[in-house]
Amino acid sequence: MTTITIANAGRHDGQEVTIRGWLYNLRESGKLLFPIFRDGTGIIQGVCSLKESPDAFNALKGLTQESSVIVTGKIRAEQRAPGGYEIGITGIQVVQKVPEATPFPIQLKEHGVDFLLDQRHLWIRTPRQAAILRIRAQAVKSARDFMDAQGYTLTDAPMFTPAACEGTTTLFEVNYIDDQKAFLTQSGQLYIEATAMALGKVYTFGPTFRAEKSKTRRHLTEFWMLEPEAAYAGLDDMMELGEGLVSAIVQGVVKHRSRELETLKRDVKKLENIKAPFPRITYEEAVAVLQKNGNPTKFGDDFGGDEETVISRSFDRPVMVHHYPSAIKAFYMQPDAQRPDLALSFDMLAPEGYGEIIGGSQRIHDFDLLVQRLKQNNLPEEAFQWYLDLRRYGSVPHAGFGLGLERTVAWICGTEHIREVIPFPRMLYRVYP
RNA sequence: UCCCCGGUAGCUCAAUGGUAGAGCAUUCGGCUGUUAACCGAAGGGUUGCUAGUUCGAAUCUAGCCCGGGGAGCCA
């Protein structure tokens with residue numbers, strides 16, 4: 001007997017097969033049962049009649065949702081079945097029956113956010129959530145394949161750090177060994193600046209932690225970030241890399257996860273259009289776009305969610321806004337030679353109102369300027385000595401950016417909130433399950 | 001930290017000052033092509049907590065707790 005996955009059921013039309021999975025739903029119609037099974041790759045309807053398979057019928061009748069089962073039967077094309085194929089059940093083994101006293105809490109209907117988040121360990125079994133997690137995995141694979149093909153080497157940054165990377169955002173403090181203080185990283189950037197000077201072109205990809213009191217659909221306390229850094233690279237190099245990376249991620253998902261996008265009812269045409277080059281506008285041009293749309297933003301203001309939405313809605317592809325004022329950007333960003341009040345920085349804003357998915361810049365490579373900026377930002381110089389070493393020993397112009405994985409995947413999936421695109425979201429006031 | 005919204009059965013919601021209800025889920029019964037199946041019946045409630053107003057509070061008031069969305073900040 002061949003054991004198959006439901007996703008491949010169509011290839012076994014007419015064959016007797018085994019499916020190992022769970023009971024997703026059961027419709028009973030007298031002496032005829034219509035169970036729907038899932039196995040993580042998809043769902044398929046089964047048919048079981050009392051007359052033809054009495055043993056299987058009795059095992060299945062009244063069986064509770066999410067009971068684990070091993071089913072044997074014949075695959076056949078069937079117009080009336082969801083998905084076009086069904087399995088005519090000849091045998092069933094119940095691996096574990098969900099007790100009636102404790103039924104599976106997630107039903108085939110709408111549920112509230114609070115409830116679903118409390119049940120996240122079970123929520124991920126639903127077809128929609130499973131599709132999202134597969135798309136996330138594909139996005140990671142496409143991103144890493146692209147970076148590797150571009151000659152970038154993965155160099156992992158530490159999770160424990162002795163000080164802030166940017167000083168402004170709130171850090172999680174942890175007790176390190178023998179009463180030392182340490183913090184959970186908020187970015188691997190400072191460390192990959194070091195590995196970039198060792199290896200040339202590098203990136204880091206892993207979780208980062210921000211103890212910000214942010215309660216919005218775009219924020220997680222723990223999120224994953226892919227950060228490239230390259231020696232002898234400038235702002236334009238990073239914008240080119242960024243548009244190539246995002247194109248590769250989106251096209252990889254479109255190519256390999258069309259079934260999942262269909263499950264999510266995502267408009268794939270909008271994604272197929274996401275190909276480099278992306279539009280680029282300066283900060284000053286972006287301010288003009290905002291003012292034309294009646295937004296009160298003036299030169300020198302930073303953009304909030306509303307502003308990002310207005311700007312990104314003006315384009316059908318991600319747009320890169322560059323040359324922000326230094327005053328509203330991080331201390332380590334290189335000023336423009338012609339316009340010292342502007343930083344060689346850029347943000348990439350995703351379309352459809354999803355906002356910033358990349359933030360990047362060329363870094364300050366001059367020792368004295370960096371020391372000056374540390375002082376201006378009241379950052380402890382002692383903690384940054386190793387970082388300053390990178391400007392003492394063969395300093396070169398270099399640049400990089402950070403891509404937020406969850407924001408990118410949320411946009412690709414079209415989800416309302418980024419909490420759905422990570423298996424177990426960590427948010428303000430929520431660390432369960 | 002601030003602003004806005006919410007908390008009623010396991011779940012999704014109704015009841016706006018006068019006996020706390022429906023659908024789903026669960027249990028029992030019926031149905032040979034169902035599509036979140038359908039039909040009939042049953043069990044299931046300290047209306048987030050505390051105090052107050054009132055003859056009477058799920059409903060009005062105050063405080064607190066919990067959750068959601070947003071601002072700031074950021075990916």
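Chain naming here is simple, since letters A, B, ... match the order of the sequence lines and numbering starts at 1 in each.
Among pairs with a residue in residues 422-433 of chain A, those fulfilling side-chain hydrogen bond (donor to acceptor under 3.5 Å, both in side chains) read A:Asp114-A:Arg430, A:Asp118-A:Arg430, at least two apart in sequence or across chains. Sorted by first then second residue, the salt bridge (charged side-chain N to carboxylate O under 4.0 Å, His left out) pairs that include residues 10-32 of chain A, not counting sequence neighbours, are A:Glu28-A:Lys61. Residues in residues 400-412 of chain A take part in these side-chain hydrogen bond (donor to acceptor under 3.5 Å, both in side chains) pairs, two or more places apart or across chains: A:Arg136-A:Glu406.
If you take CZ of A:Arg430 and P of B:G69, they are 9 Å apart, rounded to a whole angstrom. At whole-Å resolution of the value, CD1 in A:Ile89 and P in B:U34 are 17 Å apart. Between the OH atom of A:Tyr324 and the C1' atom of B:A75 there is a distance of 13 Å, rounded to whole Å. Following rounding to the nearest Å, A:Leu50 (CG) and B:U32 (C1') show an atom-to-atom distance of 10 Å. If you measure from atom CD of A:Glu308 to atom C1' of B:G72, you get 13 Å, rounded to the nearest angstrom. Separating the CG atom of A:Leu33 from the P atom of B:G30 is a distance of 14 Å, rounded to the nearest angstrom. A:Glu86 has its CD atom 17 Å from the P atom of B:U32, to the nearest Å. Here B:A75 presents its C1' atom at 9 Å from CD of A:Glu406, a figure rounded to the nearest Å.
Within 4.0 Å (heavy atoms only), A:Glu28 reaches at least one base atom of the nucleic acid. Within the nucleic acid shown, A:Tyr429 comes within 4.0 Å of sugar-phosphate atoms alone, with no base atom in reach, counting heavy atoms only. A:Gly355 comes within 4.0 angstrom of no nucleic acid atom, judged by non-hydrogen atoms across all strands.
Which of B:G69, B:G33, B:C74 sits closest to the side chain of A:His417 comes down to B:G69. Ranking B:U26, B:U32, B:G68 by closeness to the A:Leu32 side chain, first place goes to B:U32. Nearest to the side chain of A:Asp114, among B:C31, B:C74, B:G67, sits B:G67. Nearest nucleotide to the A:Thr216 side chain, out of B:U32, B:U26, B:A71: B:A71. For A:Glu212, the listed nucleotide lying nearest its side chain is B:C73; candidates were B:C73, B:G68, B:U34.
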Q) Can you give one letter per nucleotide of nucleotides 9-15 of chain B, 5' to 3': B if a protein heavy atom sits under 4.0 Å from the base, S if only from the sugar-phosphate, - if neither? A) -BBS---
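With respect to A:Glu243 and A:Arg280, a salt bridge is recorded, a charged nitrogen being found less than 4.0 Å from a carboxylate O. In this structure, A:Arg80 pairs ionically with A:Glu78, as a charged nitrogen and a carboxylate oxygen lie closer than 4.0 Å.
Separation of the A:Trp224 and A:Phe205 ring centroids falls under the 6.0 Å cut-off. With ring centers used as reference points, A:Trp386 lies under 6.0 Å from A:Tyr191. Ring centroid separation for the pair A:Phe299 and A:Tyr283 comes in under the 6.0 Å cut-off.
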**Q.** Intra- and interstrand pairs of RNA chain B - dot-bracket, Watson-Crick/G-U under 3.5 Å, | marks other strand
**A.** (((((((..((((....[..)))).(((((.......))))).....(((((..]....))))))))))))....
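When the side chain to side chain contact (heavy atoms under 4.5 Å, CB included) test is applied to A:Ser258, no partner is found at least two apart in sequence or on another chain.
Counting atom types as modelled, A:Ser214 pairs no side-chain N or O with a base atom of B:C74 as donor and acceptor under 3.5 Å.
Nucleotides B:G18 and B:C24, compared at atom P, are 28 Å apart to the nearest Å. Straight-line distance between the P atoms of B:A22 and B:A41: roughly 11 Å, to the nearest whole Å. Across B:G23 and B:C39, the matching C1' atoms stand 15 Å from one another, rounded to whole Å. Nucleotides B:C13 and B:G68 are separated by 15 Å at their P atoms, to the nearest Å. Across the C1' atoms, B:A25 and B:C55 are found 40 Å apart, a figure rounded to whole Å. The same atom, C1', is picked in B:C49 and in B:U1; the two are 25 Å apart, to the nearest Å.
Environment of CD in A:Glu416: sparse, with no more than 12 heavy atoms of neighbouring residues, nucleotides or ligands closer than 6.0 Å.
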Ignoring hydrogens and angles, write down the donor-acceptor pairs under 3.5 Å from the side chains of residues 302-309 of chain A, residues two or more places apart or on other chains.
from, atom 1, to, atom 2, distance (Å)
A:Glu307, OE1, A:Gly304, N, 2.8
A:Glu307, OE2, A:Asn295, ND2, 3.1
A:Glu308, OE1, A:Glu356, N, 3.1
A:Thr309, OG1, A:Gly305, O, 2.9

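Scanning residues 289-299 of chain A for heavy-atom distances under 4.0 Å to RNA chain B yields an empty list. Scanning residues 119-140 of chain A for heavy-atom distances under 4.0 Å to RNA chain B yields an empty list. Near RNA chain B, meaning a heavy atom under 4.0 Å from it, residues 217-224 of chain A has A:Arg217, A:Arg218, A:His219, A:Leu220, A:Phe223 in order of number. The stretch residues 11-23 of chain A does not touch RNA chain B, since none of its heavy atoms comes less than 4.0 Å from the strand. For the segment residues 60-75 of chain A, the set of residues with a heavy atom within less than 4.0 Å of an atom of RNA chain B is empty.
A:Ser214 places no side-chain N or O within 3.5 Å of a backbone atom of A:Thr216 that could act as its donor or acceptor partner.
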